[in-house]
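These notes are about the structure you will find just below.
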Amino acid sequence: MSGAQPSARLSPALTVVVNAARKAGRRLLRDFGEVENLQVSSKGPGDFVSQADLRAEETLREELRRARPGFAFLMEESGESPETDWEWRWVVDPLDGTTNFLHGIPHWAISVGIERRTGPTTSEIMAGVIYNPASDELFWAEKGRGAFLNDKRLRVSGRRDMNAALFATGIPFAKVRQRAEFSTTLARLMPQVAGVRRFGSAALDLAWVAAGRYEGYWELGLNRWDMAAGMIMVKEAGGYVTAPSEDGDPYASGDVVAGNPHLHGKLREAVVEGISFVAGRRAEAAAGSDG
Ligand code: 2AM
Ligand code: CA
């Protein structure tokens with residue numbers, strides 16, 4: 001078999017997503033070839049990449065809408081579609097890892113999650129696809145049916161020792177507080193583990209935890225489209241996905257800790273330490289300035 005169409009096990013809705021992702025992926029891959037040529041120009045490929053990103057979102061929107069006209073959308077570039085009473089919606093990042101794409105680094109992906117509303121303020125991710133066109137790796141998962149890379153079943157890694165563990169993360173770019181939390185967690189973790197990677201695509205980071213390449217991954221301040229598909233992928237591969245706090249919701253807060261069942265707890269502890277340390281310092285500073 002030439003490739004990567006796991007159609008025997010795909011449900012109809014997932015088949016729709018896979019076809020849409022492959023179509024958008026072919027176009028992005030052509031644009032990626034062009035980007036590599038634009039690196040040498042003084043202006044750089046910035047505008048060109050923004051256009052490629054928008055076109056990919058448009059392709060995905062058209063394909064998904066045609067197949068399931070009743071589904072709502074949450075998309076990185078265009079936001080939420082207007083319907084408020086949706087039962088099902090697509091959660092779409094047309095190009096996760098934009099900075100890599102812009103620099104000609106072949107580590108970026110299309111991410112599509114399928115979300116189902118379960119109550120007035122609650123929902124559940126039912127399925128997800130993360131597709132890296134440059135490597136032709138298609139990760140997919142469906143609730144209760146497992147996670148797959150192309151047609152191979154995925155399991156999270158079995159490593160139990162922190163000193164053998166490889167973790168991935170994202171460096172926060174926006175908030176000062178998150179940067180301080182991140183640095184503290186990183187400093188706590190580095191001496192205990194085999195390595196920490198920062199490859200620049202949250203969706204692929206989660207897919208790679210599902211594939212057992214990393215023991216875990218944490219990042220603060222993500223958006224829903226960065227993680228919808230990846231969360232179900234890790235869970236269906238037997239891993240844990242939580243917020244840093246015991247009762248937090250990663251999907252709502254954007255703060256996520258994912259890992260294999262053996263090391264997820266230790267990674268979460270390190271993330272909590274970072275958050276508490278910064279909170280403590282801030283409280284001290286506030287008390288100091290009060291009097
Ligand atoms: P993106 O490529 O779709 O923007 C890596 O830490 C994650 O953060 C990626 O999933 C990336 O998604 C996102 N990201 C990187 N730079 C960003 C920025 N300036 N604003 C918002 N999200 C960003
Ligand atoms: Ca993204």
Side-chain angles (χ1 to χ4, degrees), residues 21 24-25 27-29 31-32 35 44-61 73-80 90-113 115 125 128-135 137 139 167-183 185-186 189 196-210 213-214 216-234 241 244 250-251 253-258 267 271 274:
R27 294 185 175 176
L28 279 172
L29 208 49
D31 292 335
F32 186 63
V35 162
D47 293 346
F48 178 80
V49 170
S50 307
Q51 289 308 311
D53 191 357
L54 287 170
R55 280 196 300 272
E57 183 160 305
E58 213 33 62
T59 302
L60 289 160
R61 196 211 320 272
F73 285 92
L74 171 62
M75 307 186 99
E76 169 154 33
E77 304 304 327
S78 52
E80 282 184 83
W90 312 108
V91 184
V92 180
D93 191 339
L95 177 52
D96 186 57
T98 319
T99 306
N100 287 338
F101 190 96
L102 187 65
H103 285 254
I105 297 169
H107 192 78
W108 44 271
I110 293 162
S111 175
V112 181
E115 183 176 9
I125 308 299
V129 169
I130 296 171
Y131 180 46
N132 176 350
S135 64
E137 287 191 313
F139 299 88
F167 291 117
T169 187
I171 303 173
F173 29 81
K175 298 197 178 108
V176 174
R177 176 179 54 78
Q178 282 171 353
R179 286 204 294 268
E181 292 165 346
F182 167 80
S183 308
T185 296
L186 188 65
L189 220 45
V196 177
R197 298 287 182 267
R198 198 291 193 210
F199 285 171
S201 161
L204 286 175
D205 289 338
L206 286 163
W208 285 26
V209 172
R213 295 173 182 175
Y214 300 132
Y217 159 74
W218 89 97
E219 184 159 354
L220 307 179
L222 288 175
N223 291 296
R224 291 183 178 205
W225 47 79
D226 300 317
M227 56 172 158
M231 284 177 65
I232 185 156
M233 218 147 301
V234 172
V241 184
Y251 193 55
S253 66
D255 300 338
V256 62
V257 183
L267 178 58
V271 176

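As a basis for the values below, the full set of heavy atoms in this structure was taken, side chains included, without hydrogen atoms, waters or symmetry mates. All ligand and atom numbering here is 1-based and tracks the order in the structure. Since the model is a prediction, treat every value here as computed from it, not as a measurement.
Between Glu76 and ligand 1, a contact under 3.5 Å exists for at least one N or O pair. Any N or O atom pair closer than 3.5 Å counts here, and Gly170 shares no such pair with ligand 1.
Looking from atom 4 (O) of ligand 1 to the surrounding protein, the closest heavy atom is Thr98 OG1, 3.7 Å. Protein heavy atom in closest approach to atom 11 (C) of ligand 1: Asp96 OD1, 3.7 Å. The nearest protein atom to atom 6 (O) of ligand 1, hydrogens excluded, is given as Glu219 OE2, 2.7 Å; this is a heavy-atom distance. Of the protein's non-hydrogen atoms, the one nearest atom 16 (N) of ligand 1 is Phe173 CE2, 3.5 Å.
Of all atoms in ligand 1, listed by their number and element, those nearer than 4.0 Å to a heavy atom of Asp226 are 10 (O), 12 (O). Close approach of ligand 1 to Ala202 (heavy-atom distance below 4.0 Å) involves ligand atoms 9 (C), 10 (O). Residue contact check: Asp93 has heavy atoms under 4.0 Å from atoms 3 (O) of ligand 1.
Counted by atom type alone, Ser135 and Asn132 present one or more donor-acceptor pairs between their side chains at under 3.5 Å. Looking at Ser201 and Asp96, their side chains do bring a donor and an acceptor atom within 3.5 Å of each other.
Between Tyr217 and Trp208, a ring centre-to-centre spacing not shorter than 6.0 Å is recorded.
Using a 4.0 Å cut-off between heavy atoms, Leu95 contacts ligand 1 through its backbone alone, with no side-chain atom that close. Contacts with ligand 1 closer than 4.0 Å are made by side-chain heavy atoms of Arg198 only, the backbone lying farther away.
For the pair Arg197 and Tyr214, the cation-pi test (distance below 6.0 Å, angle within 45°) is failed.
Looking only at N/O/S atoms, Asp226 comes nearest to the Ca ion (ligand 2) through OD1. In Asp96, the N, O or S atom that comes nearest to the Ca ion (ligand 2) is OD1. The nearest N/O/S atom of Asp93 to the Ca ion (ligand 2) is OD2.
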Side chain to side chain contact (heavy atoms under 4.5 Å, CB included) assessment of Trp90 paired with Trp225
CA-CA 9 Å; Trp90 312 108; Trp225 47 79; over 6 Å; no
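Using a 4.0 Å cut-off between charged side-chain N and carboxylate O, Arg55 and Asp31 make a salt bridge. Taking a cutoff of 4.0 Å between a charged side-chain nitrogen and a carboxylate oxygen, Glu137 and Arg213 qualify as a salt bridge. Salt bridge Glu58/Arg61: present, at least one basic N to carboxylate O contact under 4.0 Å.
For the pair Glu115 and Tyr251, the minimum side-chain heavy-atom distance is below 4.5 Å.
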